[in-house]
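These notes are about the structure you will find just below.
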Amino acid sequence: MDPSKDFGNANQQRLVQETFDRVLDVLKQLGLHRRSPKFFIVYAHENDNLDIKAHKTVVTDYISWFKEIQFNVDSDKSPHGYGPIHDVAHAGASVDIVKNQVCLLPRSWHKENVDYVLVFYSELLAHYMEVERDFMFQGQTYTDALFRVCDRFSHTPPLPWEEVCSAVANVQQTYLSKMNNEFHHVLTELALLKFRQSIAGPQYTIPVLLFDDKKQSRWKPDFSGMDETQIRLTLEPGKKHQLFFKILLMFETLENDRPLIEALQACYLKCVGLLSKRTLQPEKYRTQVEVEISQTLRNLNNSEQHWMIDRPITIGSIRDVLNLHSIINRISTKRVSGKKLPENLSDISLSVAENPNSEDQGERWSQTVSIHSLFDELELIGKKVLPRRVLIQGRPGVGKTTLSKRIMYEYCWDNKLRMKFDLVVRIPVRKLGQFADLADLLFDEYFQTAAGGHELSNRLRDLILGKANSNVLTILDGLDEARQWSPKKRSLLERLMSQPVVIMTSRSYETGSVSVDLTIEALGLDMEDVEEYLANAEIVQSNTGKQILNLIKSKYFIEEMVQVPIHLDILCYSWDELQRQKALFMAAQNAEELCAPTITALYQAVVHTLWRKDIPGLGKLDNGEQLTTEVINAVQDAARLERVVYVENSLLEEICINMIESDQFEFGDEDIVKAIRHIERNGTQLPLSLEFNLNKLSFLHSDCRSHLRRFSFIHLTFQEFFAAQWLTKGQQRLSRYIRQYKYSQRFERVWRFVPGLLQTKDNVDQLCFFFNAIQKEPRDILGPAHQRLVMNLLSEVTPSEERTRFSTLRTELEVQLSKWLAFEYYHKYHLP
């Protein structure tokens, strides 16, 4: 199959070329041009007087591709001297062709002479070579004459370069006047190449045969000073793109890049192979190309082969590494199941939240923005704003971290956006507190596998924090995770927040004295996005997707809940578990309908689903019998599984409450030891395999790159869920934590889980105790914080006729909320 020509229709050929262009873009963005040799392309131009093929368009395609990846390529129609440090490849013909051609003389003669020569051999070039051999002037061929002139200069050091150029031009003009229409400038290049080949030392000439050379016009290596043993490449019919990769692999300066080139070549062939095997819609095919490229680069990075290349400590080298990580991070986002999130999902909606320059901070606009227009000039209420400092706020789970990774990717790779900034770097705030020096964090996050990683990290730190006018976009992801930091710990964060160009994401955060140009609200998914998500066969089966969509549309608060991407993902992944719960409830209560699940119910279902997934791998026994996947899936009441994972669950709860209290987002071996000792003080003996088994839990990410393990939860809300479980296991601990942390931002989501968990235990006394404790002092009486807290807590308790005592309490609380709402309305609209 010919991936560049043999497809049956123009649309497929266009997709093949798009795929190749995308691979070229990846090569450019990863800095392959920084190790480009300087080379010259010899070829014949079309001759209208001769009906002989020159294949000029084929050669100019190669020249354009080399220029596209910013390689250091010359030809007779391109002014030489273009180097890899330039941003834009040169184009256009030079008036003085000879000055372009003399770079074919030996490399040692002049600093601008080339390292490699590619000879694209066509039928027309073969014809010119035969004519040149047959034409004599003063007993010499043109090649012989140029050879003798050049050889004369080889004996007169120091080399008078201008005289060399003049002498070559004189010989050329003489033979041009004698040979007339039979003369072609390519003969000059071949003659200079022959002389170059005669000089001692390594010679790098690569013949590329553009046709199936017959006996009468076959390649004659002696014409350019080569021999029959010279390696040559042949353009097989339709395999133009594959030949391009072969040429790259011939360059010795790219030897260390061989894994990258070969991997992308294989990726290209795999992608275009999809077009020959099945019919794909163009958009689906383009998405699959992005998936394959991302996975290829991820595998390459894991092997660490490519990134051990020595790199100069330059902005370009730093950009190469950041570009790679941006595309890897883009595909690292996973569903709660641990499976990769499909590439073709929509971004969450963003809306301008407030006017930072308005005296009325409640002034709002209903203006949406996209990640591509974050730094575009906006006209807001008659005022023009050019944002440079942007704050993005959103609810827990709305997708702020995924969004920050996407922003880094787009501003690294999008053709227009990547021109806005020299560098784009995402800094996770939760990790910032672990390092005294920003360079150490940058090394840990991006440069561990890069040669000269520490030097590159130090250079990037200086670019971000230095006074130099560096055009670096810094993305600070998760400002809310620094809310309890001490002033000393916050000093580095404050410096980063004060950078001239910065994007900050946060659950909710007061920026204090640090001003922003634009505040944006991350709204989550709209209904169209939800429907697209549920129609994706990679996520959920078609029938299940329709059932979930029907539930969402039947309950407004469910529709609002699934605007948060993680809630929608949990609903899909735990659907079977929810259906089990529904069947058990309806059978026990003789009910016709089950109330729609609350957020707590969703998390309970997904936690049970993940336990079902993990238990077989933990090697658990029950009454001496091995618990296999089949046995676990046969258990209808998921609550029965909890006794099997009691020790793992207890350890996670103990760790999580400590993490929430101390404002941690990661834990290590010291935290695990502390939690185990605290649990075992009560006489409980935990199994020795417990610490080892943490690596097998789907709730956790593990980072074992150093000798000390670090763990974090797949999402912060799971950490909050396990902390809430710990709080429900005793009134004393519940009462103590309510008094201390009732209005703490750290416990905001924890408190919301508590009533839903207590309801599941069907303990009305405990549920009433909790709400009565919430109502006790201390209470916020000046603002709506208490009312908002109570409303959120009540939303997690589903109505039940059997809980009469709680129903009475609920009614009392709802009456109080109604009175507060009436008071607020009257205060706002009726008081002067």
Side-chain angles (χ1 to χ4, degrees), residues 395-396 480-486 507-510 512 598-600 653-654 656-664 678 716-717 719-800 803-828 831:
R395 293 172 285 173
D480 54 288
E481 299 180 13
R483 60 200 165 216
Q484 301 295 327
W485 286 5
S486 66
R507 278 190 176 183
S508 56
Y509 191 78
E510 291 294 333
T598 62
I599 291 176
T600 306
E653 290 172 2
E654 185 76 29
C656 286
I657 193 62
N658 291 336
M659 291 172 69
I660 297 290
E661 195 168 9
S662 59
D663 205 26
Q664 288 178 239
H678 189 267
L716 179 58
T717 48
Q719 179 179 325
E720 293 162 327
F721 179 82
F722 281 103
Q725 283 194 156
W726 184 88
L727 286 170
T728 61
K729 295 182 177 178
Q731 287 189 0
Q732 287 186 350
R733 62 175 65 168
L734 195 54
S735 180
R736 175 165 59 89
Y737 275 81
I738 289 174
R739 285 196 304 271
Q740 190 169 356
Y741 299 110
K742 186 191 299 187
Y743 302 118
S744 169
Q745 288 183 341
R746 280 178 286 163
F747 279 77
E748 179 182 359
R749 178 67 58 165
V750 177
W751 294 134
R752 187 161 183 170
F753 283 131
V754 168
L757 291 169
L758 291 175
Q759 173 188 242
T760 304
K761 296 180 178 181
D762 207 19
N763 190 330
V764 177
D765 291 340
Q766 191 86 330
L767 192 60
C768 291
F769 172 85
F770 172 71
F771 275 93
N772 286 327
I774 289 291
Q775 290 294 93
K776 290 180 180 178
E777 300 292 342
R779 281 183 57 170
D780 175 56
I781 60 174
L782 297 177
H786 186 77
Q787 284 68 31
R788 189 184 302 116
L789 174 62
V790 173
M791 282 190 291
N792 286 335
L793 298 180
L794 287 175
S795 70
E796 294 300 313
V797 183
T798 55
S800 173
R803 293 193 293 268
T804 306
R805 182 181 164 202
F806 179 73
S807 296
T808 301
L809 177 58
R810 183 184 195 120
T811 301
E812 293 174 2
L813 293 172
E814 289 174 346
V815 168
Q816 291 178 21
L817 291 173
S818 299
K819 289 180 178 179
W820 179 268
L821 181 61
F823 170 77
E824 284 287 307
Y825 178 83
Y826 181 78
H827 183 270
K828 183 171 184 178
L831 289 180

Working note: D765 + R805, criterion side-chain contact (heavy atoms from CB on, under 4.5 Å); need CA distance, chi angles, decisive distance, verdict. CA-CA 9 Å; D765 291 340; R805 182 181 164 202; 2.5 Å; yes
I'd like to know whether F771 forms a side-chain contact (heavy atoms from CB on, under 4.5 Å) with V797, so could you lay out the CA-CA distance, the side-chain angles of the two residues, the decisive distance to 0.1 Å, and finally the verdict. CA-CA 11 Å; F771 275 93; V797 183; 4.2 Å; yes
Before giving the answer on side-chain contact (heavy atoms from CB on, under 4.5 Å), spell out for Y741 and I660 the whole-Å C-alpha distance, their side-chain angles and the decisive distance to 0.1 Å. CA-CA 11 Å; Y741 299 110; I660 297 290; over 6 Å; no
Can you list the steps and then say if Q775 with H786 is a side-chain contact (heavy atoms from CB on, under 4.5 Å)? CA-CA 9 Å; Q775 290 294 93; H786 186 77; 2.8 Å; yes
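Partner of S735 under the side-chain hydrogen bond (donor to acceptor under 3.5 Å, both in side chains) criterion, out of Q731, R739, Q732: R739 alone.
The distance from atom CG of L813 to atom CE of M791, rounded to the nearest 0.5 Å, is 12.0 Å. Between atom CD of residue Q745 and atom CG of residue D663 there is a gap of 10.0 Å, rounded to the nearest 0.5 Å. Taking CD1 of I774 as the start and CG of L793 as the end, the distance is 5.5 Å to the nearest 0.5 Å. Rounding to the nearest 0.5 Å gives a distance of 13.0 Å between CZ of F769 and CG of L809. With values rounded to the nearest 0.5 angstrom, E796 atom CD is found 10.0 Å from T760 atom OG1.
The minimum heavy-atom distance linking E814 with L794 is given by the pair CG-CD1, 4.1 Å. For the residue pair A724 and V754, the shortest heavy atom distance occurs at CB-CG2, 4.0 Å. The two residues T717 and P396 make their nearest non-hydrogen contact at CG2-CB, 4.3 Å. Residues P755 and F770 come closest through the heavy atom pair CD-CE2, 3.7 Å. Nearest heavy-atom pair across L757 and T600 is N-CG2, 3.7 Å. The two residues R507 and E720 have their closest heavy-atom pair at NH1-OE2, 3.0 Å.
A donor-acceptor pair under 3.5 Å is formed between the side chain of Q719 and the backbone N or O of Q664. Q759 contributes a side-chain N or O that, together with a main-chain N or O of T798, makes up a donor-acceptor pair within less than 3.5 Å. Here the side chain of K742 pairs no donor or acceptor atom with the backbone of R779 at under 3.5 angstrom.
F753 has its side chain within reach of I599: a pair of non-hydrogen atoms, C-beta onward, lies under 4.5 Å apart. Counting heavy atoms from C-beta outward, Y743 and W751 have side chains that stay 4.5 Å or more apart. Side-chain contact between C656 and W726 is absent, with no heavy-atom pair separated by less than 4.5 Å. The side-chain heavy atoms of I738 and L727, taken from C-beta on, include no pair separated by under 4.5 Å.
The 12-atom threshold is exceeded at NZ of K729, counting heavy atoms of other residues, nucleotides or ligands nearer than 6.0 Å.
A donor-acceptor contact closer than 3.5 angstrom is absent between the side chains of Q766 and T728.
Between F747 and Y737, the ring-plane angle classifies as tilted under the 30° and 60° cut-offs.
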